Amino acid sequence: MTIKNRIAVLFIVYIFSFCPKSFSQIDSCNLRISLLTCTAGEDLYTTWGHSALRITNVINHSDIVYNYGTFNFDEPGFYTKFIRGKLTFYVAPEDYDSFLSAYQYENRGITEQVLNLTCAEKYNMLLLLQTNLLPQNRYYKYDFTFDNCTTRLRDLLEKATSSQVVFPEILHKKATFRDLIYGSLDDNDEQWSKLGIDILLGSRLDRNMQPHEVMFLPDYLMLGFDSAKINSEKLVLEKHKLTGLEENTKHHNIVTDPIFIFTCLLLLIIFLSLSKNNSIKRFLVAFDGFLLFVTGLVGILIIIMWICTEHIMTKDNYNLLWAWPTNVIAAFYIHSKKQIVTRYFFVYALLNLLLLICWFFIPQHLNPALMPVIGILIFRSLYYVFKEYKNKL
């Protein structure tokens, strides 16, 4: 062997000194690369699961998981950056045994798909990962739908392979980003989280996805890999569960559902409004001021998320049709007898009534739990309109 060849061999061994323990499907290049798909956890940010890449090397008996979903809570201005869409995530290597133990402790399952790659493609993938670990490359601006810990692995695979990876359509019908996000939220009965997402995320979330975009969530990346082909062969050589744990789907609890709670609140407000008791009347006035102020704050937040942040999916938000930012001011003029205030409540009630009539024709999915809330706003706004009308008679 020439000196030049020896240097090349030593360089390859050095490069792979970062990697894994061997078992099945390790070929002559002594590398095994697989996609790990983790089930949902208890926290909201874990609701959609997680994806990571595992690389096993038989030469140095190393087993490393590469995780693009790492972020630092202690980062200066963490919450401000999160709200503005400027929060950075980064790729981090972790020992496989530690990774597995953490998910077993949280009672979360892990499914492994061993990838059918050539030695050259495996080398390319490892070199890309090592390049991404460099300080100047490891950080990226996180985007939930287009650039996250899952899409990064799909893109990494496509960059590393010499042949095109063919991903057939996973879904047999058109679906939006919101449809797929809803799937995991429904499985975990996260109805309040759905309401929050539907308020803050705009109409862009309701665009029909392209086949490639479907893989922005871990479960759909796993399905994409299952059906994908490379060099006319299946991308996945074998698939198995590493922890043997099953996902626990929660049963829907109607009592804690926001639509049930808000409907009960609507009926209660209507009932109390029929009372002539002064204490109840004072309570309703205070409630009206609170509700208007809160809806105004929601409107201001929607505008901030739309205009002042880099989040793509918070743009074009039709929730502004009921969450008027001016309600923050109107909340302090409930007792005013000025004609402009009466007109404000009349126009607000009229436009919200039109909103309910056109509810299913608006190019954005509005959460149905908002309907009774809007019903309260209409009813109480008209109360002040007719009250002022009576005073003038």
Side-chain angles (χ1 to χ4, degrees), residues 18 33-55 63-75 78 81-82 85-96 98-103 106 108-113 115 125-126 128-135 137-160 165 167 170 177 180-181 183-185 188 193 197 201 205 209 212-226 228 235-236 242-243 247 310-313:
F18 292 93
I33 298 182
S34 55
L35 175 70
L36 303 181
T37 304
C38 310
T39 59
E42 294 294 327
D43 298 317
L44 178 60
Y45 72 90
T46 65
T47 297
W48 295 275
H50 183 53
S51 299
L53 202 66
R54 180 186 181 188
I55 301 184
D63 201 348
I64 302 297
V65 174
Y66 293 86
N67 178 10
Y68 279 89
T70 313
F71 56 91
N72 183 11
F73 274 117
D74 298 324
E75 181 179 344
F78 175 85
K81 290 179 180 178
F82 175 77
K86 293 180 177 291
L87 184 63
T88 54
F89 277 51
Y90 59 93
V91 58
E94 181 181 358
D95 180 73
Y96 168 72
S98 299
F99 183 87
L100 181 64
S101 297
Y103 278 83
E106 295 178 4
R108 297 171 64 182
I110 302 177
T111 299
E112 182 176 37
Q113 294 166 290
L115 304 185
M125 185 168 289
L126 187 57
L128 285 171
L129 284 167
Q130 296 304 322
T131 302
N132 284 344
L133 284 172
L134 295 174
N137 299 329
R138 68 185 311 188
Y139 296 93
Y140 69 98
K141 189 172 66 175
Y142 178 86
D143 182 278
F144 180 71
T145 48
F146 297 112
D147 195 0
N148 60 35
C149 59
T150 299
T151 62
R152 286 257 157 175
L153 299 182
R154 176 201 63 199
D155 297 344
L156 184 72
L157 172 69
E158 292 181 321
K159 289 178 183 177
V165 182
F167 291 105
I170 303 170
F177 290 97
L180 266 59
I181 290 172
S184 297
L185 292 173
N188 291 280
S193 298
I197 287 171
L201 302 186
L205 204 66
M209 293 178 293
H212 206 251
E213 294 174 330
V214 172
M215 293 178 282
F216 79 102
L217 292 178
D219 283 348
Y220 291 94
L221 181 67
M222 179 172 66
L223 291 173
F225 274 39
D226 274 340
L235 175 64
V236 176
L242 295 175
T243 60
E247 289 189 79
E310 296 184 19
H311 294 291
I312 297 174
M313 293 300 181

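Below, all heavy atoms of this structure are taken into account, side chains as well, without hydrogens, waters or symmetry copies. The structure presented is a predicted model; accordingly, all values stated were derived computationally and were not measured.
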When you compare the side chains of Tyr220 and Glu213, does any donor N or O come within less than 3.5 Å of an acceptor on the partner? no

Would you kindly say whether Ser34 and Glu112 are connected by a side-chain donor-acceptor distance under 3.5 Å? yes

Separation between [atom1] of [X] and [atom2] of [Y], rounded to the nearest 0.5 Å:
X	Y	atom1	atom2	result
Thr145	Met209	OG1	CE	10.5 Å
Ser98	Asp63	OG	CG	10.5 Å
Thr47	Glu42	OG1	CD	9.0 Å
Ile110	Thr39	CD1	OG1	8.0 Å

Any donor-acceptor N/O pair, Asp143 side chain to Phe146 backbone, under 3.5 Å: yes

Partner residues of Thr150 under the side chain to side chain donor-acceptor pair (under 3.5 Å) criterion, sequence neighbours left out: Ser51

Please name all residues satisfying side chain to side chain donor-acceptor pair (under 3.5 Å) with His50, sequence neighbours left out, ordered by chain then number. Asn67

Can Met215 and Met222 be said to form a side-chain contact (heavy atoms from CB on, under 4.5 Å), step by step? CA-CA 8 Å; Met215 293 178 282; Met222 179 172 66; over 6 Å; no

Residues Asn137 and Thr131: closest non-hydrogen pair is ND2-O, 2.9 Å

Given side-chain contact (heavy atoms from CB on, under 4.5 Å), test Val65 with Leu53 step by step and report yes or no. CA-CA 6 Å; Val65 174; Leu53 202 66; over 6 Å; no

Exactly one of Phe89, Phe216, Tyr68, Trp48 clears side chain to side chain contact (heavy atoms under 4.5 Å, CB included) with Asn148, and that residue is Phe216

Out of Leu35, Leu36, Thr37, which one pairs with Leu153 under the side chain to side chain contact (heavy atoms under 4.5 Å, CB included) rule? Leu35

Salt bridge (Lys or Arg N to Asp or Glu O under 4.0 Å) pairs, two or more places apart, involving residues 148-159: Asp147-Arg152

Do Phe144 and Leu217 come close enough that some side-chain heavy atom pair is under 4.5 Å? yes

Validate the cation-pi geometry between Arg54 and Tyr66: distance from NZ or CZ to the six-membered ring centre under 6.0 Å, angle to the ring axis within 45°. no

